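Read through the structure below, which is laid out as structure tokens, and then see the notes.
All values below come from the heavy atoms of this structure, side chains included, with hydrogens, waters and symmetry mates left out. Given the structure is predicted, the values throughout are model-derived calculations rather than measurements. Numbers restart at 1 for each chain; the letters A, B, ... are given by sequence-line order, proteins then strands.
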Amino acid sequence: MPAPESARAVKVTPISGFPELLPAERLAELHVLDVIREVFELHGFTPLETRAVEPVERLLGKGGDADKEIYGVTRLAARSDERGGTDGGLGLHFDLTVPFARYVLEHAGRLHFPFRRYQVQRVWRGERPQEGRYREFTQADIDVVDVGELPPHLEAEMPLVVAEAFRRLPVGEFRILVNNRKVPEGFYLGLGLTDVQGTLRVVDKLDKIGAEKVRDLLLEGGATAEQAEQVLALASIRTADTSFVERVRALGVSHPTLDEGLAALAAVVRAGEEQAPGTLVADLAIARGLDYYTGTVYETQLVGAEDWGSVSSGGRYDSLASDGRTTYPGVGISIGVTRLVQLLLARRGLTATRSTPAAVLVAVVDEESRRRSDTVAAALRARGVPCEVAPAAARFGKQIRYADRRGIPYVWFPGAAEDGGDQVKDIRSGAQTDADATTWVCPPADLRPAVVVTAP
RNA sequence: GUGGGUGUAGCUCAGCUGGUAGAGCAUCGCGUUGUGGUCGCGAGGGUCGCGGGUUCAAGUCCCGUCACUCACCCCA
């Protein structure tokens with residue numbers, strides 16, 4: 001016989017970039033998700049879910065150096081020649097836009113256009129994690145795609161939906177920065193700079209490395225001092241109204257694409273002014289890394305937490321979904337739910353008022369009468385009151401403490417009343433009153449855990 | 001992938017130029033045969049990330065490795 005296994009502690013360690021929440025935190029996150037879903041549905045977006053995997057070549061197709069961030073999926077038992085390679089293999093999706101584009105192509109015959117959908121799912125990116133950046137996280141996307149042409153007013157609608165969701169969440173002040181790819185593109189071309197992508201990438205670093213460094217990089221990239229100045233001048237324009245148009249005009253550059261972009265961006269900003277004053281800001285430095293964006297691009301930051309990066313972004317894409325014959329242009333915006341929630345948890349003290357959905361703990365007097373407690377619980381549940389029955393017929397003090405630890409506001413005592421009926425105690429105030437499980441009304445504010453923030 | 005930092009109890013951390021582990025908080029128990037939170041007393045919980053080396057002796061010094069973390073890249 002082998003010696004008895006020594007009780008050695010099993011080491012469990014977190015995996016970097018795969019965040020997990022405590023119960024109260026998860027309840028808070030669910031609240032955030034509920035609000036987002038509700039707003040999306042109020043705007044008529046239909047729910048959709050796509051599989052977690054796509055062919056690797058499809059995931060690779062639409063991005064630049066996306067290959068590094070894609071997680072491949074293989075069976076552990078697969079033969080070695082089936083593994084390792086990416087060609088023909090499967091990968092976990094790194095966003096919800098690319099899978100959605102595929103979905104549209106695959107089901108185009110059975111969808112009605114313009115097609116509005118929302119999608120809330122986890123995505124995976126094999127990046128180096130750090131604060132606010134994860135390898136597994138949840139995105140909540142809305143997109144609209146149409147056949148052939150996409151009306152421009154949709155580009156104004158997307159950020160307004162996000163703004164509405166954010167207004168219902170304890171995120172504080174926020175700004176949705178908006179730009180149109182055609183503005184810098186036309187501007188650069190008008191200046192004689194042909195490397196639009198390269199220039200955009202440099203400009204995108206502006207808030208990180210500063211104007212001086214950006215100027216150096218532009219000069220290294222072959223721009224003249226004058227061109228670099230103009231590029232920086234454009235990027236410095238940021239207005240909450242349509243006055244950015246005159247400011248761009250004042251720079252004296254002209255190009256047909258620039259005109260198009262300015263008109264489109266002005267329309268978006270104007271809609272924002274009317275429907276969500278102060279939330280949409282034209283920021284001509286916003287570039288967005290993904291190169292499938294062709295028109296309006298969005299980026300959202302919470303005021304005071306700009307260093308956490310964007311908590312919602314997106315844009316218009318005209319050729320992401322195309323089968324070669326028909327193209328389905330779209331526009332969408334994504335809320336980085338995990339980043340947003342982690343930010344609120346870390347910086348705003350976001351939490352739930354309790355760590356369980358239960359509003360009531362039904363006490364158990366002794367094990368012989370547990371059935372009576374079960375009956376009480378059933379009556380409460382039948383009327384929509386979340387509750388649980390105490391795990392043990394311990395001293396009442398312990399049962400109350402059980403509820404207190406979890407933030408459960410009420411403890412129900414079967415048979416505690418003079419007449420043999422029940423009593424319910426609000427353990428926050430200590431008030432204990434006679435009650436009947438078939439008629440007791442739980443105060444609405446206590447029915448579900450509430451979400452609170454403790455920091456400004 | 002590149003570079004820096006850090007690994008000691010569930011959490012936050014002490015532990016001096018080497019002498020075989022400690023605090024606070026948390027958890028559980030008792031004080032309180034059933035009504036909590038305060039308070040008091042007590043208990044459990046550590047192969048000091050892992051492996052190797054130096055030494056009579058390593059949490060402490062050296063090498064390696066892994067993990068976490070920060071920055072770059074990129075992005076929600």
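Note on A:Gly309: nothing from the nucleic acid sits closer than 4.0 angstrom, heavy atoms only. Heavy atoms of A:Ser313 sit under 4.0 angstrom from primed sugar atoms or phosphate atoms, though from no base atom. Note on A:Lys398: only backbone sugar-phosphate atoms sit closer than 4.0 angstrom, heavy atoms only; bases stay farther off. A:Thr300 comes within contact range of no nucleotide atom at all, as no heavy-atom separation falls under 4.0 Å. The residue A:Gly132 sits close to a base: some heavy atom pair falls under 4.0 Å. Here A:Phe413 lies in heavy-atom contact (under 4.0 Å) with a base. Using a 4.0 Å heavy-atom criterion, one finds that A:Val123 contacts no nucleic acid atom at all. Among the heavy atoms of the strands lying under 4.0 Å from A:Arg128 is at least one base atom, whether or not backbone atoms are also near.
Pairing partner, B:rC68: B:rG5, with both Watson-Crick or wobble hydrogen-bond distances short of 3.5 Å. In a base pair of the Watson-Crick type (N1 to N3 plus N6-O4 or O6-N4) or a G-U wobble (N1-O2 and O6-N3), with each distance short of 3.5 Å, B:rU32 is matched with no nucleotide. The partner of B:rA14, taking Watson-Crick or G-U wobble pairs whose two distances both stay under 3.5 Å, does not exist in any strand shown. The base-pairing partner of B:rU20, taking Watson-Crick or G-U wobble contacts with both distances under 3.5 Å, does not exist among the strands shown.
For the C1' atoms, the distance from B:rC61 to B:rC16 is 15 Å, rounded to whole Å. Separating the C1' atom of B:rC30 from that of B:rG46 is a span of 26 Å, rounded to the nearest Å. With P as the reference atom, B:rA71 and B:rC56 are 46 Å apart, rounded to whole Å. Nucleotides B:rU8 and B:rG59 are separated by 15 Å at their P atoms, to the nearest Å. For the C1' atoms, the distance linking B:rU27 with B:rU69 amounts to 28 Å, nearest Å. Atom C1' of B:rC68 sits at a distance of 23 Å from the matching atom of B:rC25, rounded to the whole Å. As rounded to the nearest Å, B:rC50 and B:rU55 have P atoms that lie 23 Å from one another. Distance check on atom P: B:rU60 versus B:rU54 gives 15 Å, rounded to whole Å.
Contact of A:Arg133 with B:rC74 (side chain to base): a donor-acceptor pair of N or O atoms is detected under 3.5 Å. Side-chain atoms of A:Gln432 and base atoms of B:rU35 include a donor and an acceptor less than 3.5 Å apart.
Among all heavy-atom pairs drawn from A:Arg316 and A:Pro329, the shortest one is NH2-CB, 4.4 Å. Closest heavy-atom contact between A:Leu105 and A:Ala321: CD2-C, 4.0 Å.
Judged by distance alone, the side chains of A:Thr50 and A:Gln119 do bring a donor and an acceptor atom under 3.5 Å apart. Counted by atom type alone, A:Thr296 and A:Glu155 present one or more donor-acceptor pairs between their side chains at under 3.5 Å.
Comparing B:rU33, B:rC68, B:rG36 by their closest approach to the side chain of A:Ile15 singles out B:rC68. In this structure, of B:rC74, B:rG37, B:rU32, it is B:rC74 that holds the atom nearest to the side chain of A:Glu127.
Using a 90° window around 0 for the glycosidic torsion, B:rG34 falls inside it and is classed as syn.
Using the six-membered ring where Trp is involved, A:Tyr293 and A:Tyr317 have ring planes that are tilted, between 30° and 60° apart. Relative orientation of the A:Phe396 and A:Phe413 rings is tilted, given thresholds of 30° and 60° on the angle between their planes. Using cut-offs of 30° and 60° for the angle between ring planes, the A:Phe45 and A:His43 rings count as tilted.
Across the protein-nucleic acid pair, A:Ile400 atom CD1 and B:rU33 atom P stand 13 Å apart, rounded to whole Å. The nearest whole Å value for the distance from the CZ atom in A:Arg405 to the P atom in B:rG37 is 9 Å. Nucleotide B:rA76 holds its P atom 13 Å from the CG atom of A:Asp143, rounded to whole Å. Atoms CD (A:Gln130) and C1' (B:rU2) sit 14 Å apart, rounded to a whole Å. For A:Glu131 and B:rU69, the CD to P distance is 11 Å, given to the nearest whole Å. Taking atom CG on A:Asp141 and atom P on B:rA76, their separation rounds to 10 Å, with Å as the unit. One interatomic measurement links the two molecules: OH of A:Tyr410 to C1' of B:rG36, which rounds to 17 Å at whole-angstrom precision. Going from atom CZ of A:Arg339 over to atom P of B:rC74 covers 14 Å, rounded to whole Å.
The phosphate of B:rA67 has neither OP1 nor OP2 within less than 4.0 Å of any side-chain N or O from A:Ser16. A close approach under 4.0 Å does not occur between any side-chain nitrogen or oxygen of A:Gln399 and OP1 or OP2 of B:rU35. Residue A:Arg401 places at least one side-chain N or O closer than 4.0 Å to OP1 or OP2 of B:rG29.
The aromatic ring centres of A:Tyr410 and A:Trp440 sit less than 6.0 Å apart.
Between A:Pro129 and A:Ser310, it is A:Pro129 whose nearest contact on RNA chain B lies nearer the 5' terminus. Taking the nucleotide of RNA chain B with the nearest heavy atom to each of A:Tyr134 and A:Gly17, the more 5' of the two is matched to A:Gly17.
Remark: ring of A:Phe396 does not overlap the six-membered base ring of B:rG36 in a stacked fashion, as centroids less than 5.5 Å apart with planes less than 30° apart are not both met.
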